[in-house]
Amino acid sequence: MIRIGLTGGIGSGKSTVADLFRKRGAHIIDLDVIAHQVEEPGRAAWQGIVEYFGREILDAEGRINREALGGIVFRDRAKLEELNRIVHPAIYDEQRRRINDIRGRDGQAIIISDIPLLIEGGGHKKMDVVILVYVSPDVQIERIMKRNGYTYEEARDRLHSQMPLADKIPLADFVIYNEGTLEEAEAAVEKIWKELLKRNRSQNDKEIKQ
Ligand code: ATP
């Protein structure tokens, strides 16, 4: 089994690229989706967040208001770190559970974990393959303003809370430059997919021989 992490920055195109890998047969574990699930009312991360940030960050139904929480943590690094300390253990437990579940059903599966803050959290060191989806900061801002309806300032604040994508390039095994068309992104994904298949096969051969 090879451990593959897909990362990038806000709005760089991770979900778009993950869909292209999924179309080719990869299993995608989206840690952002898991993060939402572990923050459902009553679950462990929800309790920790409410204890630290107070009930003001809940909406009328008792759910975490992610926009409000984002507004707090994206302007305050210490609070962002505290949020991560609360949420990460629950997320990684669930990720491990899903990987085991997929491998139990398909020993040859190619599993790609889509992890927005893979490199910030040091998780890239535990991966066999790191795939980075890169766009310039201007394109990131333009795309999230369009997608989320953010003002320029809101988009910029969110971008500045993350490590610049240019600093992540040297830490990646593959970089998908996603400023062009979707067809261009797909061509890049196809090339990497062939390489992943090759690596996965040789890894499986090794495991069989052991
Ligand atoms: P986040 O981490 O913020 O959820 P993401 O990295 O998963 O973002 P996407 O949601 O895949 O990014 O892409 C951000 C936006 O840019 C989306 O609206 C998507 O449709 C658009 N987009 C992605 N790739 C391209 C492309 N090559 N050409 C044009 N638009 C694109």
Side-chain angles (χ1 to χ4, degrees), residues 4-24 26-39 45 63-75 77 80-81 83-84 87-88 91-92 94-95 98 111-124 127 129-169 171-193:
I4 306 166
L6 173 68
T7 196
I10 183 165
S12 72
K14 294 176 297 297
S15 307
T16 305
V17 163
D19 282 342
L20 297 172
F21 279 116
R22 189 183 284 115
K23 229 169 77 179
R24 286 163 172 76
H27 294 259
I28 305 295
I29 299 180
D30 184 332
L31 267 76
D32 233 11
V33 171
I34 295 181
H36 281 70
Q37 290 167 347
V38 300
E39 291 173 15
R63 294 181 173 278
I64 287 163
N65 179 339
R66 296 178 68 86
E67 284 300 313
L69 189 57
I72 298 170
V73 299
F74 291 125
R75 268 189 242 110
R77 199 164 286 272
L80 179 60
E81 278 166 18
L83 177 65
N84 289 340
V87 174
H88 281 175
I91 295 177
Y92 288 114
E94 179 62 19
Q95 181 201 20
R98 291 196 193 184
I111 305 170
I112 301 179
S113 297
D114 176 349
I115 311 181
L117 301 181
L118 177 70
I119 290 172
E120 284 88 338
H124 61 292
M127 295 287 166
V129 176
V130 173
I131 303 169
L132 173 71
V133 187
Y134 176 89
V135 295
S136 68
D138 286 347
V139 173
Q140 268 180 291
I141 288 179
E142 187 187 304
R143 288 191 181 159
I144 62 175
M145 284 174 70
K146 195 165 153 207
R147 186 190 62 185
N148 299 65
Y150 290 146
T151 62
Y152 176 80
E153 285 71 26
E154 286 168 336
R156 190 203 49 199
D157 279 353
R158 280 164 171 76
L159 199 68
H160 284 170
S161 76
Q162 298 184 350
M163 182 176 168
L165 283 183
D167 293 349
K168 296 184 179 180
I169 292 176
L171 302 171
D173 299 289
F174 298 101
V175 181
I176 297 175
Y177 293 91
N178 186 33
E179 294 196 349
T181 62
L182 284 173
E183 288 72 25
E184 285 167 321
E186 183 141 26
V189 165
E190 178 61 25
K191 234 165 134 180
I192 296 170
W193 178 245

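Just so you know, residue 1 is the first one in the sequence shown, and it goes up from there. One-based numbering, in listed order, for ligands and for the atoms of each.
When atom types are taken as modelled, the side chain of D32 and the backbone of I115 share no donor-acceptor pair closer than 3.5 angstrom. Within the 3.5 Å criterion, the main-chain N or O of V139 finds no donor-acceptor partner in the side chain of E179. Listed for the K14 side chain is no donor-acceptor partner under 3.5 Å among the backbone atoms of L6.
Ion pair K191/E184 not flagged as a salt bridge, since none of the NZ, NE, NH1 or NH2 atoms sits closer than 4.0 Å to an Asp/Glu carboxylate oxygen.
Q140 and V135 get closest at one heavy-atom pair: CG-CG2, 3.4 Å.
For R98, the side-chain contact (heavy atoms from CB on, under 4.5 Å) partners are I29, I34, Q37, E94, not counting sequence neighbours.
Sorted by chain and number, the heavy-atom contacts of ligand 1 below 4.0 Å come from G9, I10, G11, S12, G13, K14, S15, T16, R143, R147, N178, G180, T181, L182.
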